[in-house]
Every structure is written in C-alpha cells, then in structure tokens.
Participant: 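Here it is, the structure, as structure tokens.
All residue numbers in this chain count up from 1 along the given sequence. In each ligand, atom 1 is the first atom listed, and ligand 1 is the first ligand listed. Being a predicted model, the structure only gives us computed values, none of them experimental.
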Amino acid sequence: MNFIKDNLSTINASLPENVTLVAVSKTKPISDIKEAYDAGQRVFGENKIQEMVSKYEVLPKDIKWHMIGHLQRNKVKYMAHFVDLIHGVDSFKTLKEIDKQAKKHNRIIHCLLQARIAKEETKFGLPFDEIKNILNSSEFQELTNVSVVGLMGMASFTDNLDIVADEFSSLKELFDELNMQHSSLSILSMGMSGDYKIAIEKGSTMIRVGSSIFGARNYVI
Ligand SMILES: *Cc1c(COP(=O)(O)O)cnc(C)c1O
C-alpha cells in the first residue's frame, strides 16, 4: 500500500547529497502525489502544462513544479506564475517567450537548455553549437527575466548502457566547458528510472524519475 513511500526511501538512500530527485508524476493521480508529498518529496515533474496547472491548483503550495516536457510556446503563459524550473527549452524563441511571460509576473524563471545527446533522430534538443551560440549572443544577454541555470539531456532508448554512458559523458563535457568559459551553470539534469545510476556516475546533479517511484504508467504520452 505504501509502495510510493518505500520507493522514494530506497532511491533517496542511494543518492549522493548533491543530486536532486525530481519525482515525475505525469499521468498519475493527485492521491499518488499526496502520498509522495507526505513522505517528504517536494519537487515534482510534469510534461504537459495543463496537467501541471491543474495539479498545482489543488496541491500544497510549497511544491516545486518542474516542467520537463517539450514546450508549446503558446502555453508558457499558463505556468509562468508558479513554475520553478523549465527543463526542456530547445529554442531561443521559447526562451524569449518565457522571458516575456515571466516579466508579467515580475519573476525570473529558471531554465535548462535541452541538449541533443541521443544518436536517435526522434529526440528533441539543441545541438551543442547552438547552445553555445545562444549563451554567447547579445540577444540572450538582454533577456532580463529568464536565467539559464543548467543543461538537460535524454539518452537514447537502448539496452546498450555503453551508448547511454557515452551520451551522458558528452553532456557533462559540454557542461564543464561552458562553465570554464563564463557560464555559471549549476544544474545538470540527466537520468530517468532506467538510467539514473549511470547518469549520476557521469556527473548528473538532477534526476527525473517517474516509474521507479509511482509504478508503470498506464498509457504512453
Ligand atoms: C517521463 C519522463 C521522465 C521519467 O521517466 P521514467 O522512465 O518513468 O522515470 C523523465 N524525463 C522526461 C523528460 C520524461 O518525459
């Protein structure tokens, strides 16, 4: 009955101190989130803006809501007043829209740029060069209400853990390179249920775990 609490304790017990656990609650009911909340979890991740908004409205206000999914620019406005961190920023246009919406609420919204690390064609994310171009551009430096605090990446969906490890390493190298230049990025969001242990070995500071906490999702989205 208390499997969510048990799963959280197991995962938390294995995490290094500098790694933040985002509990990915997409498709899961309010009751499941409450159970995790009662066990002490405060950071939750959702991949659909509407779903996150409706959960935000009924749940305790000390929850930190992370948007981890692909962003539709026209929906950014619905979460701009409360979202704590946006992981999946994959274009400069989206960054500008977040900046515009954040201004309306007098907030600075923290974002991660999503890097394309998977070899597969299907994954979203920016090529490394584009990430560098964005961070170096004067247009970016003029944005006052977004703060890029790190990078996010998703590895290929494969059983070959060497490929996954290589992809995570490449993102960690980019992260270190940017920080050696001039950026002050603190968050490296990589690792999900199936690969978070490898991600942590490769330098992740934030893992996004769903099914290992809440159980398998009933449908794929
Ligand atoms: C669903 C999702 C996760 C969590 O996946 P699990 O395999 O259930 O841990 C992590 N990151 C993103 C971007 C997701 O969409």
Side-chain angles (χ1 to χ4, degrees), residues 3-12 14-15 19-29 32-33 35-36 39 41-53 55 63-72 75-76 79 83-91 94 98 110-126 131 149-161 163-165 167-168 171-172 175 187-221:
F3 76 95
I4 292 175
K5 189 176 178 200
D6 293 346
N7 288 342
L8 276 170
S9 328
T10 308
I11 296 170
N12 277 319
S14 75
L15 291 189
V19 177
T20 301
L21 171 63
V22 180
V24 176
S25 49
K26 63 189 186 195
T27 79
K28 296 295 175 181
D32 283 5
I33 301 177
E35 192 175 329
Q41 181 66 28
R42 290 295 179 273
V43 185
F44 291 88
E46 291 283 337
N47 73 337
K48 298 226 157 132
I49 294 176
Q50 296 99 315
E51 186 177 342
M52 186 172 79
V53 171
K55 288 172 172 174
I63 288 179
K64 292 180 172 172
W65 290 101
H66 287 198
M67 176 43 57
I68 63 170
H70 183 66
L71 290 176
Q72 287 171 278
K75 292 187 180 148
V76 168
M79 65 174 173
V83 67
D84 183 70
L85 181 65
I86 301 177
H87 290 235
V89 178
D90 63 358
S91 76
T94 301
I98 298 168
H110 288 182
C111 298
L112 307 179
L113 296 180
Q114 182 170 356
R116 186 179 302 162
I117 57 170
K119 309 287 181 287
E120 346 174 303
E121 289 289 317
T122 55
K123 300 281 175 170
F124 294 107
L126 290 156
I131 290 183
V149 295
L151 303 176
M152 181 268 218
M154 288 170 85
S156 295
F157 187 69
T158 169
D159 291 337
N160 186 335
L161 299 183
I163 292 180
V164 172
E167 291 174 353
F168 285 149
L171 187 56
K172 167 68 167 157
F175 181 79
I187 298 177
L188 186 54
S189 167
M190 54 186 200
M192 312 175 23
S193 292
D195 57 21
Y196 73 84
K197 292 187 176 122
I198 305 174
I200 290 170
E201 276 172 29
K202 298 300 175 189
S204 171
T205 69
M206 186 170 274
I207 58 173
R208 310 174 310 271
V209 178
S211 41
S212 290
I213 297 173
F214 296 106
R217 283 177 294 276
N218 295 333
Y219 51 98
V220 179
I221 58 171

Participant: Show the distances, to 0.1 Å, for all pairs joining an N/O atom of ligand 1 and a protein N/O atom that are shorter than 3.5 Å, listing one pair per line.
Facilitator:
from     : atom 1 : to     : atom 2 : distance (Å)
ligand 1 : 8 (O)  : Ser211 : N      : 2.8
ligand 1 : 8 (O)  : Ser211 : OG     : 2.9
ligand 1 : 8 (O)  : Arg217 : NH1    : 2.8
ligand 1 : 8 (O)  : Arg217 : NH2    : 3.2
ligand 1 : 9 (O)  : Ser193 : N      : 2.9
ligand 1 : 9 (O)  : Ser193 : OG     : 2.5
ligand 1 : 9 (O)  : Gly210 : N      : 2.8
ligand 1 : 11 (N) : Arg208 : NE     : 2.9
ligand 1 : 15 (O) : Lys26  : NZ     : 2.7

Participant: Which heavy-atom pair separates Phe44 from Phe214 by the least distance, and what is that distance?
Facilitator: CE2-CZ, 4.1 Å
Participant: Looking only at side chains, do His110 and Asp84 share a donor and an acceptor under 3.5 Å apart?
Facilitator: no
Participant: So, taking the atom named OG1 in Thr20 and the one named CG in Leu188, what distance separates them when rounded to the nearest 0.5 Å?
Facilitator: 11.5 Å
Participant: In chain order, what residues pass the side chain to side chain donor-acceptor pair (under 3.5 Å) check against Asp90, with sequence neighbours excluded?
Facilitator: His70
Participant: Which residues satisfy the side chain to side chain donor-acceptor pair (under 3.5 Å) test with Glu46, sequence neighbours excluded?
Facilitator: Ser25, Lys55
Participant: Filter on side chain to side chain donor-acceptor pair (under 3.5 Å), then keep only pairs touching residues 199-214, sequence neighbours left out; what's left?
Facilitator: Ser189-Arg208, Ser193-Ser211, Ser193-Ser212
